[in-house]
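These values consider heavy atoms only, across backbone and side chains, with no hydrogens, waters or symmetry-generated copies.
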Amino acid sequence: MGYDLHITRKTNWSDAAGPEIALDEWQRHVASDAELSLYDETGPEDAGRFASYAGYEGALYWHDGEVRTKHPERPLVIKMVAIAAALGATVQGDDGETYG
């Protein structure tokens, strides 16, 4: 078990329905952000889903309409807030608290 942070457009990241971040939108954002790079060393089924940031290899993972990470350090949290702003989303913890 771990504690995740979620970049989401939903009111609460755990809601069953709500606005999502599309995979191709995530991939375009990664391509346009010089601080991010795609991390495809996890296997072909996850191609384009993982991104690295400042030495955090594969730390950001797109899944089911959101981007998440586990146990992020402060620099990654700050980057996630910037990514969320660019995507019109928020950063939420597993317990629903927001970061920003």
**Asked** Has the side chain of Arg9 got a donor or acceptor atom that lies under 3.5 Å from a matching backbone atom of Leu87?
**Response** yes
ask   = Would you say Asp94's side chain and Asp4's backbone share a donor-acceptor pair under 3.5 angstrom?
value = yes
The reported gap from CE in Met80 to CG in Leu60 (rounded to nearest 0.5 angstrom) is 6.0 Å
Self-check item: Donor-acceptor pair between Glu66 and His6 side chains, under 3.5 angstrom
Solution: yes
Taking the side chain from Trp26 and the backbone from Val67, do they hold a donor-acceptor pair closer than 3.5 Å?
-> no
Closest heavy-atom pair, Pro72 versus Val77, reported as atoms and distance to 0.1 Å, is CG-CG2, 3.7 Å
- Within the distance-only criterion (no hydrogens, no angle test), does the side chain of Asp95 pair as donor or acceptor with the backbone N or O of Glu97 below 3.5 angstrom? no
Applying the 4.5 Å side-chain criterion to the ILVMFWY set and letting contacts propagate, would Ile78 and Tyr56 be lumped into a single cluster? no
ask   = Run the side-chain contact (heavy atoms from CB on, under 4.5 Å) check on His29 and Ile83 step by step: do they pass?
value = CA-CA 8 Å; His29 179 80; Ile83 293 168; 3.8 Å; yes
Does the Asp15 side chain pair with the main chain of Ala17, one donor and one acceptor, at a distance under 3.5 Å? no
Those residues at least two apart in sequence (or on a different chain) that pass side-chain contact (heavy atoms from CB on, under 4.5 Å) with Ala22 are Asp24, Glu25
Taking every heavy atom of Lys10 against every heavy atom of Pro19, the minimum-distance pair comes out as CG-O, 3.6 Å
Only residue of Leu76, Asp33, Val30 satisfying side chain to side chain contact (heavy atoms under 4.5 Å, CB included) with Tyr53 is Leu76
Inset, instruction - Would you check if the side chain of Ser52 reaches a backbone N or O of Gly58 as a donor-acceptor pair within less than 3.5 Å? - result: yes
- Query: Given the rule in the side-chain contact (heavy atoms from CB on, under 4.5 Å) test, do Ile21 and Ile7 qualify, once you have shown the distances and angles that lead to the verdict?
  - Reply: CA-CA 9 Å; Ile21 299 166; Ile7 299 173; 3.9 Å; yes
Check the hydrophobic clustering (I, L, V, M, F, W, Y; side-chain heavy atoms under 4.5 Å; chains of links allowed) and say if Tyr61 and Trp13 are grouped together.
no
**Prompt:** So, the side chain of Thr98 versus the backbone of Val91: is there a donor-acceptor pair under 3.5 Å, distance only?
**Reply:** no
Is there a donor-acceptor pair under 3.5 Å between the side chain of Gln92 and the backbone N or O of Thr11? yes
